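Atoms within each ligand, like the ligands themselves, are counted from 1 in listed order. Residues take their numbers from the sequence shown, with the count starting at 1. Treat the numbers as computed from the prediction; the structure is a model and nothing was measured.
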Amino acid sequence: SVRLVQVQGVTKAFGVGPTALKALDNVSLTIRTNEFFTLLGPSGCGKTTLLRLLAGFEHPTEGAILLDNKHVVNDPPNKRPVNTVFQSYALFPHMSVEQNVAFGLERLGQRGPEVAERVAAMLKLVRLEALAKRRPSQLSGGQQQRVALARALAPQPRLLLLDEPLSALDLKLRRGMQVELKRIQRETGITFVLVTHDQEEALSMSDRIAVMDHGRVLQLGRPSDIYERPNCRFVADFIGEANVLPGSLFGFKAPYVAIRPERVLLSMKQDPENSGLPGHVVEVVYLGATTSCTVALQGGPLVKVERSDLPTGLVPDRPVICRFPHDALLPLES
Ligand code: ADP
Ligand code: MG
């Protein structure tokens with residue numbers, strides 16, 4: 001089946017009575033075999049709780065979870081074809097790299113040359129062959145991350161859960177590991193579910209993204225769907241940058257419209273062919289590849305424009321015209 005995971009109307013409440021907190025509130029989604037699926041949302045929105053339900057560390061308060069079309073809510077973690085990579089890596093400090101990777105296989109009762117072969121294949125996959133005899137303390141953070149990944153992949157789970165796996169790495173290492181994770185997912189064909197609060201990470205790595213807030217999935221789709229057609233203010237704002245303006249400003253029935261800073265056009269004087277909205281420059285920031293200019297439209301709202309082709313001579317208080325190409329206006333229902 002292409003539907004590997006089905007989450008159906010899942011609610012998870014912590015506590016009882018009026019003080020109960022719904023960490024997940026009626027979440028439904030499907031994760032397909034072979035996909036790189038991302039749960040994206042701010043801290044506290046319920047991402048880890050959903051992963052823990054998939055892994056079997058928690059029970060839903062309501063709803064069902066199916067894996068390969070079978071109900072798994074009553075299966076303990078070790079009975080599910082699921083493995084987790086934790087942010088802390090959780091490596092065994094007294095074991096070598098290869099012993100760490102073998103651990104998951106031996107726990108499943110595997111012994112002998114197959115284990116050694118599988119460990120070697122996993123270390124090759126994560127490009128750590130040369131460090132097989134080292135202890136975790138003799139590795140960098142990025143290398144430890146790879147060991148954790150190799151250990152989790154060794155038993156060939158159907159589903160690999162990764163809870164903010166890259167957040168402890170510095171920016172440059174993180175970008176490199178993003179590319180690596182993507183390659184490893186492609187080469188193994190294992191379904192990955194990544195948790196992150198980093199929208200750039202989600203956009204660049206995922207086949208599909210579920211954007212979450214307050215225990216709910218607000219939008220689910222491919223990165224381009226979510227960036228180009230956000231369905232609400234939260235998603236428009238959380239994924240990339242967006243100017244959110246009243247729909248009435250552009251004759252839309254929707255209460256709001258969003259427009260990306262790179263789609264707004266700025267000119268110094270009114271173009272008779274193409275009417276725009278007048279305003280004045282508030283701030284100009286040179287960013288290298290682009291320049292960002294904040295404009296206060298007449299009547300108040302601020303609009304951010306970020307482009308590589310802004311006119312020269314933009315300085316604070318300078319009167320300008322903002323134009324909003326119709327096809328760049330994204331109507332938002334809420
Ligand atoms: P995220 O991973 O998106 O940051 P979490 O799933 O960890 O969010 O948490 C979602 C909400 O549930 C938070 O408000 C958190 O405090 C609460 N929560 C998580 N686990 C527990 C728990 N074991 N007991 C009580 N509240 C919890
Ligand atoms: Mg979390």
Side-chain angles (χ1 to χ4, degrees), residues 5-31 36-65 67 72-74 76-77 80 82-91 141 144-145 148-149 152 159-171 174 177-178 181 191-206 208-221 223 226 230-240:
V5 181
Q6 289 165 265
V7 175
Q8 298 175 338
V10 164
T11 291
K12 176 67 186 176
F14 289 108
V16 286
T19 60
L21 177 127
K22 276 189 186 170
L24 294 174
D25 187 0
N26 193 19
V27 168
S28 296
L29 54 83
T30 296
I31 300 170
F36 199 117
F37 191 94
T38 296
L39 301 172
L40 172 67
S43 177
C45 73
K47 306 180 297 294
T48 294
T49 301
L50 184 50
L51 274 201
R52 291 175 57 78
L53 285 161
L54 295 176
F57 299 124
E58 301 278 3
H59 259 73
T61 309
E62 279 172 54
I65 298 175
L67 244 160
V72 292
V73 159
N74 294 317
R80 302 188 189 191
V82 178
N83 244 342
T84 306
V85 175
F86 299 97
Q87 185 189 331
S88 61
Y89 315 141
L91 299 175
Q144 291 180 35
Q145 174 78 73
L149 195 59
L159 188 63
L160 188 73
L161 309 175
L162 304 115
D163 196 351
E164 311 235 10
L166 308 181
S167 60
L169 306 178
D170 67 51
L171 186 67
R174 194 151 78 225
M177 265 314 275
Q178 287 171 2
L181 267 185
T191 305
F192 279 27
V193 180
L194 174 81
V195 158
T196 184
H197 60 263
D198 179 342
Q199 49 100 8
E200 213 177 303
E201 187 164 295
L203 286 178
S204 66
M205 298 177 73
S206 317
R208 292 191 308 148
I209 301 171
V211 185
M212 297 179 63
D213 191 33
H214 289 108
R216 293 165 181 259
V217 173
L218 299 182
Q219 190 168 3
L220 197 160
I226 285 176
N231 64 358
C232 62
R233 293 181 74 162
F234 180 88
V235 173
D237 221 35
F238 196 75
I239 315 295

Query raised in the report: Which of the numbered atoms in ligand 1 are below 4.0 angstrom from a heavy atom of Leu21?
Result: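 Taking each heavy atom of Leu21 in turn, ligand 1 has 11 (C), 12 (O), 14 (O), 17 (C) under 4.0 Å.
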Report task. Mind running side chain to side chain contact (heavy atoms under 4.5 Å, CB included) on Leu149 and Leu181 for me, showing each step along the way? Result -> CA-CA 9 Å; Leu149 195 59; Leu181 267 185; 3.6 Å; yes
Report task. Report yes or no: does a heavy atom of Gly44 sit under 4.0 Å from some atom of ligand 1? Result -> yes
Query raised in the report: Taking atom 3 (O) of ligand 1 as the point of reference, which of Lys47, His197, Glu58, Lys12 owns the nearest heavy atom?
Result: Lys47
**Report entry** Nearest option to atom 9 (O) of ligand 1, as decided by whichever heavy atom of Leu51, Thr49, Leu39, Thr48 sits closest
**Finding:**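 Heavy atom nearest to atom 9 (O) of ligand 1 belongs to Thr49.
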Query raised in the report: Would you say Cys45 and ligand 1 have an N/O pair spaced under 3.5 Å apart?
Result: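 Yes, Cys45 has an N/O under 3.5 Å of an N/O on ligand 1.
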Query raised in the report: Looking at ligand 1, does any of its N/O atoms fall within less than 3.5 Å of an N/O of Phe14?
Result: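 No, since none of the N or O atoms of Phe14 sits under 3.5 Å from an N or O of ligand 1.
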Query raised in the report: So, Ser206 side chain and Phe36 main chain: donor-acceptor pair closer than 3.5 Å or not?
Result: no
Query raised in the report: Taking C-beta and beyond as the side chain, do Leu40 and Lys47 meet within less than 4.5 Å on heavy atoms?
Result: no
Query - Min side-chain heavy-atom separation Ile209-Gln199 under 4.5 Å - result: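 No, every pair of side-chain atoms sits at 4.5 Å or beyond.
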Query raised in the report: What distance do Phe234 atom CZ and His214 atom NE2 have between them, rounded to the nearest 0.5 Å?
Result: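 Atom-to-atom, Phe234:CZ and His214:NE2 are 8.0 Å apart.
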Report task. Calculate, to the nearest 0.5 Å, the distance between atoms CG and OG1 belonging to Leu194 and Thr38 respectively. Result ->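 Those atoms lie 4.5 Å apart.
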Query raised in the report: Counting only heavy atoms on the protein side, is anything nearer than 4.0 Å to atom 23 (N) of ligand 1?
Result: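 At least one protein heavy atom is under 4.0 Å away.
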Query - atom 15 (C) of ligand 1 within contact range, any protein heavy atom under 4.0 Å - result: no
Query raised in the report: Can you list the steps and then say if Phe14 with Thr49 is a side chain to side chain contact (heavy atoms under 4.5 Å, CB included)?
Result: CA-CA 10 Å; Phe14 289 108; Thr49 301; 4.0 Å; yes
Report summary line: atom 8 (O) of ligand 1: closest protein heavy atom, distance to 0.1 Å, is Gly46 N, 3.3 Å
Query raised in the report: For the Mg ion (ligand 2), does an N/O/S atom of Ser43 lie at less than 2.8 Å?
Result: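 Under 2.8 Å: Ser43 has no N, O or S contact with the Mg ion (ligand 2).
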